[in-house]
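Before any comments, here is the structure.
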Amino acid sequence: MNRQAIGGKCALYPSLTTIVGAEVDGRPNWMTIAHVGIMNHAMGEFPQYLSIGVHPSHHTSAGIRAHGEFSINIPSRAMLAETDYVGIVSGKNTDKSGIFPVQNGKLAHAPMIADCPISIECRLAQTVMAGEHEIFIGEVAETWIDEKCLTEGKPDLKKVDPILFDFTRILYWSLGEIIGKPWNAGKALKNRER
Ligand SMILES: Cc1cc2nc3c(=O)[nH]c(=O)nc-3n(C[C@H](O)[C@H](O)[C@H](O)COP(=O)(O)O)c2cc1C
């Protein structure tokens, strides 16, 4: 292997392409966010936290700050054009509220996209500045999933068909194949005699 140093670049891609929803001036506003972090992950244990890295200039940020609530929606590949669109125009000068059908859930100010296979309602728990970006850390309040995307009661990524984001080459990707089982694929090495 011939490895080159390419500078201190964030090469942690692909990441998941999401659409964040918030209420701004009484209307839902949507923006594409591909820098989402999973915090305090657990299988069914609460509280669980998700973080989004957002530039403070975005219109959506004002709604998150004002109401302390937002949603994270996972679009499928079929929604690629709309997903990209809400990431290239701003609610500051374009009304994006009618782009998606809205679903309201448990929280009063975290509009969700009814068309997305998965939506997560978040209550703002903490805000941290990291350089140029505001990191909104949300406590998960409720998660919604299209029944058609469940297999044996669990979200099935093949059915969700999410959009993956590559910031290094500026590309969207789709999911590949299942290649193994976590906490299992390494067992052969663990048991191998040394
Ligand atoms: C694929 C994609 C991913 C993006 N990811 C982020 C992100 O993680 N953080 C961010 O601040 N902006 C991100 N953006 C830019 C915002 O979505 C964009 O500036 C949007 O127009 C903001 O909308 P608003 O001003 O209505 O809130 C992304 C845009 C695209 C197309």
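Note that this is a predicted model, so its numbers are computed, not measured. Atoms within a ligand are numbered from 1 in the order they appear, just like the ligands themselves.
Residue contact check: Val86 has heavy atoms under 4.0 Å from atoms 20 (C), 21 (O) of ligand 1.
Residue contacts with ligand 1: Thr60 is placed with a nitrogen or oxygen under 3.5 Å of a nitrogen or oxygen of the ligand (distance criterion only). Not a single N or O atom of Met31, backbone or side chain, sits closer than 3.5 Å to an N or O atom of ligand 1. Taking only nitrogen or oxygen atoms, main chain and side chain alike, Gly53 reaches within less than 3.5 Å of ligand 1. At a 3.5 angstrom cut-off on N or O pairs, Phe165 does not count as close to ligand 1. The shortest N/O to N/O separation between Lys96 and ligand 1 falls below 3.5 Å. The shortest N or O to N or O distance between His59 and ligand 1 is under 3.5 Å.
You'll find the side chain of Leu16 stays beyond 4.5 Å of the side chain of Val36, heavy atoms only.
For the residue pair Thr60/His58, the side-chain donor-acceptor check at 3.5 Å is not satisfied.
Aromatic ring orientation, Tyr172 versus Phe165: tilted (interplanar angle from 30° to 60°). Ring geometry, His67 versus His109: the interplanar angle falls under 30°, so the pair is classed parallel (tilted spans 30 to 60°).
With respect to Arg123 and Glu142, no salt bridge is recorded, no charged nitrogen being found less than 4.0 Å from a carboxylate O. A salt bridge does not link Glu121 to Lys106: none of the charged nitrogens lies less than 4.0 Å from a carboxylate oxygen.
Under the 4.5 Å side-chain heavy-atom criterion for grouping Ile, Leu, Val, Met, Phe, Trp and Tyr, Ile33 is connected to Val140 within one hydrophobic cluster.
Using a 4.0 Å cut-off between heavy atoms, Val89 contacts ligand 1 through its backbone alone, with no side-chain atom that close. Contacts of Asn29 with ligand 1, taken as heavy-atom pairs under 4.0 Å, involve the side chain alone.
Of all protein heavy atoms, the one closest to atom 4 (C) of ligand 1 is Thr32 O, 3.5 Å.
Distances from atom 12 (N) of ligand 1 to the heavy atoms of Lys92, His55, His58 show the closest one on His58.
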